[in-house]
**Q** 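This is the structure I want to talk about, given as structure tokens.
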There are 2 protein chains.
Amino acid sequence: MALTMSGTSLDFPSRLRAAGLRPTRQRVALARLLFAGNHRHVTAEGLHAEVKASRMPVSLATVYNTLNQFRDAGLLCEVVVAPGRSYFDTNTGHHHHFFVEPDGELHDFPSDKVTIAGLPVPPKGTRLARVDVIVRVRR
Amino acid sequence: MALTMSGTSLDFPSRLRAAGLRPTRQRVALARLLFAGNHRHVTAEGLHAEVKASRMPVSLATVYNTLNQFRDAGLLCEVVVAPGRSYFDTNTGHHHHFFVEPDGELHDFPSDKVTIAGLPVPPKGTRLARVDVIVRVRR
DNA sequence: TGCAGTTTTTAGAATTATTCTAAACTCCTT
DNA sequence: AAGGAGTTTAGAATAATTCTAAAAACTGCA
Ligand SMILES: [Mn+2]
Ligand SMILES: [Mn+2]
Ligand SMILES: [Zn+2]
Ligand SMILES: [Zn+2]
């Protein structure tokens, strides 16, 4: 019995190939930082600082490229909470966020306990893509 | 009987003074564009383009300054929907938004018909500031 | 109405987050 | 191993926003 988390494996090269991405050293290094443990909310700068501290540094341009590719491949989603502050979120399931100001921390909360009733129908000619709820809290 | 909308006046100098801001020509011009009609969602660039088309152009720096001051004074609120895209909203009451991608249009919908139940309590040491709901729709 | 003092405006430089460019490098198939 | 497509990278470029500091305008008071 392999030591894996339910539903995910630590074989990042395979997971990247399955997502249609070549498992390069850089992408595997970033995938490990992102997907080896609990769900995370990272900024490009933050992830770059982390990977720079490792034995296998990656350029900032590659961090941006990779985060965008992971998002486009559905491995991440992007959460915009403040002007010029965009987080990449390893939790791609339905959930919502607490945003703690002024620290800028972002915390998940499950959407299955939350009920949103009475949403109006989308404007003519559009269809629903996603509902984001951001609960802004202050210290 | 004066020709005013319920609850607001078109005497922008007075409204600015009431908000603690000197009624300069630039601020009055921008206030007229923002508050003379229905509620609006504007970007700094968009508002700058509008005022440039008038007889009384205003520098882009002043548009930014003024939008930030109006927001700080409670005359506007700021809505962030996409990376690098922040809207200033003349509707400062409780309400939520449709965001139409890829156009970038933002539409209000009233929050009084919407019920959000089951929100978890804010993290220890924080208290609720605001709940933003963004309904993302696509053409 | 004229001044003085303060606030505001402005052009342009600076900053920040992000994307682009194009040359060097790596991965994968044969 | 070679070839070619895909990827990485440093550095330049772009876009949104803020900062700087000098000029202009507002306001209260003479
Ligand atoms: Mn992006
Ligand atoms: Mn701002
Ligand atoms: Zn999340
Ligand atoms: Zn609105």
Side-chain angles (χ1 to χ4, degrees), chain A residues 11-31 33 41-52 54-73 75-76 78-88 102 104 106, chain B residues 11-31 33 41-52 54-73 75-76 78-88 102 104 106:
Chain A
D11 178 2
F12 295 109
S14 299
R15 286 173 68 182
L16 291 172
R17 266 184 233 106
L21 295 166
R22 282 196 188 177
T24 64
R25 272 178 292 161
Q26 291 87 339
R27 297 210 270 228
V28 171
L30 294 172
L33 289 173
H41 301 92
V42 303
T43 61
E45 283 289 350
L47 186 62
H48 183 236
E50 275 184 60
V51 80
K52 225 170 14 180
S54 80
R55 203 71 61 77
M56 163 71 217
V58 176
S59 78
L60 181 59
T62 297
V63 172
Y64 273 104
N65 289 341
T66 302
L67 287 172
N68 286 330
Q69 289 153 358
F70 284 9
R71 179 204 53 215
D72 294 346
L75 302 172
L76 293 175
E78 194 170 359
V79 186
V80 185
V81 284
R85 185 163 223 159
S86 134
Y87 287 86
F88 288 87
L106 196 60
Chain B
D11 178 1
F12 295 109
S14 298
R15 285 173 68 182
L16 291 172
R17 268 184 230 105
L21 296 165
R22 285 194 187 179
T24 64
R25 270 179 294 163
Q26 291 86 341
R27 297 209 271 229
V28 171
L30 294 173
L33 288 173
H41 300 93
V42 302
T43 61
E45 283 289 350
L47 187 60
H48 183 236
E50 276 184 58
V51 81
K52 225 173 10 183
S54 79
R55 204 71 61 78
M56 161 71 216
V58 176
S59 77
L60 181 58
T62 296
V63 171
Y64 273 104
N65 289 340
T66 302
L67 287 171
N68 286 330
Q69 290 153 358
F70 284 9
R71 178 204 52 214
D72 294 345
L75 302 172
L76 292 175
E78 195 170 359
V79 185
V80 185
V81 284
R85 185 162 223 159
S86 136
Y87 288 87
F88 289 87
L106 196 61

**Q** Would you say A:R27 and A:T62 make side-chain contact, with heavy atoms under 4.5 Å?
**A**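 No, every pair of side-chain atoms sits at 4.5 Å or beyond.
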
**Q** Are B:Q69 and B:L21 side-chain neighbours, meaning at least one heavy-atom pair lies under 4.5 Å?
**A**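 Yes, close enough: below the 4.5 Å cut-off.
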
**Q** Figure out the CG/C1' separation between B:L60 and C:dT10, and round it to whole Å.
**A**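 Nearest whole value for this atom pair: 11 Å.
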
**Q** C:dT19 phosphate, OP1 or OP2: any side-chain N/O from A:N65 under 4.0 angstrom?
**A**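 No, A:N65 has no side-chain N/O under 4.0 Å of OP1/OP2 on C:dT19.
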
**Q** Can you tell me how far C1' of D:dT7 sits from CG of A:L16, to the nearest Å?
**A**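 About 13 Å, once rounded to whole Å.
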
**Q** In whole angstrom, what separates A:E45's CD from C:dT15's P?
**A**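 The distance from CD of A:E45 to P of C:dT15 comes to 15 Å, rounded to the nearest Å.
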
**Q** Counting side-chain heavy atoms from C-beta on, which of D:dT7, C:dT10, D:dT27 comes nearest to B:R17?
**A**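 Comparing D:dT7, C:dT10, D:dT27 against the side chain of B:R17, the answer is D:dT27.
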
**Q** Picking from D:dT8, C:dC28, C:dT10, which would you name as closest to the side chain of A:P23?
**A**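 Between D:dT8, C:dC28, C:dT10, the one nearest the side chain of A:P23 would be C:dC28.
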
**Q** OP1 or OP2 of C:dT10 less than 4.0 angstrom from a side-chain nitrogen or oxygen of B:T62, does that happen here?
**A**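 Answer yes for this pair, as a side-chain N or O of B:T62 is under 4.0 Å from OP1 or OP2.
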
**Q** Using whole Å, what does the distance between atom C1' of nucleotide C:dT15 and atom CZ of A:R85 come to?
**A**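 Computing the A:R85:CZ to C:dT15:C1' distance gives 16 Å.
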
**Q** Which whole-number value in Å describes the distance from A:H48 NE2 to D:dT9 P?
**A**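 Whole-Å distance recorded here is 8 Å.
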
**Q** About how many Å separate CG of A:L75 and OG1 of A:T66, when rounded to the nearest 0.5 Å?
**A**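 A:T66 atom OG1 to A:L75 atom CG measures 11.0 Å (nearest 0.5 Å).
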
**Q** Between C:dT26, D:dT9, C:dT10, which nucleotide has the shortest distance from any of its atoms to the side chain of A:R22?
**A**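 Taking heavy atoms from C-beta onward, the closest nucleotide is C:dT26.
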
**Q** Is the closest side-chain heavy-atom distance between A:L16 and A:F70 below 4.5 Å?
**A**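 The answer is yes, as the side chains (C-beta and beyond) meet within the 4.5 Å cut-off.
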
**Q** D:dT17 C1' sits how many Å from B:Y87 OH, rounded?
**A**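 After rounding, the reported distance stands at 16 Å.
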
**Q** Is A:E45 close to A:L60 at the side-chain level, that is, under 4.5 Å between some pair of heavy atoms?
**A**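 Yes. Closest side-chain heavy atoms under 4.5 Å.
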
**Q** What's the CD-P distance between A:Q26 and C:dA24, to the nearest Å?
**A**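 A:Q26 atom CD is separated from C:dA24 atom P by 17 Å.
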
**Q** Which nucleotide sits closest to the side chain of A:R27: C:dT10, D:dT8, C:dC20?
**A**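 Of C:dT10, D:dT8, C:dC20, D:dT8 is nearest to the side chain of A:R27.
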
**Q** Report which part of the nucleic acid B:T24 touches: base, sugar-phosphate, or nothing (heavy-atom distance under 4.0 Å, all strands).
**A**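 Sugar-phosphate contact only.
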
**Q** Under 4.0 Å between a side-chain N/O of A:R25 and OP1 or OP2 of C:dC27, yes or no?
**A**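 Affirmative; the distance criterion is met.
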
**Q** For B:L21 and for B:A44, locate the closest nucleotide of DNA chain D by heavy-atom distance; then report the residue assigned to the nucleotide nearer the 5' terminus.
**A**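 Checking each residue's closest nucleotide, the 5'-ward one belongs to B:A44.
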
**Q** Counting side-chain heavy atoms from CB outward, which of D:dT7, D:dT17, C:dT8 is closest to B:Y64?
**A**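 Comparing D:dT7, D:dT17, C:dT8 against the side chain of B:Y64, the answer is D:dT17.
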
**Q** Can you measure B:Q69 atom CD to C:dT9 atom P for me and round it to whole angstrom units?
**A**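 For the pair B:Q69 CD and C:dT9 P, the rounded distance is 7 Å.
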
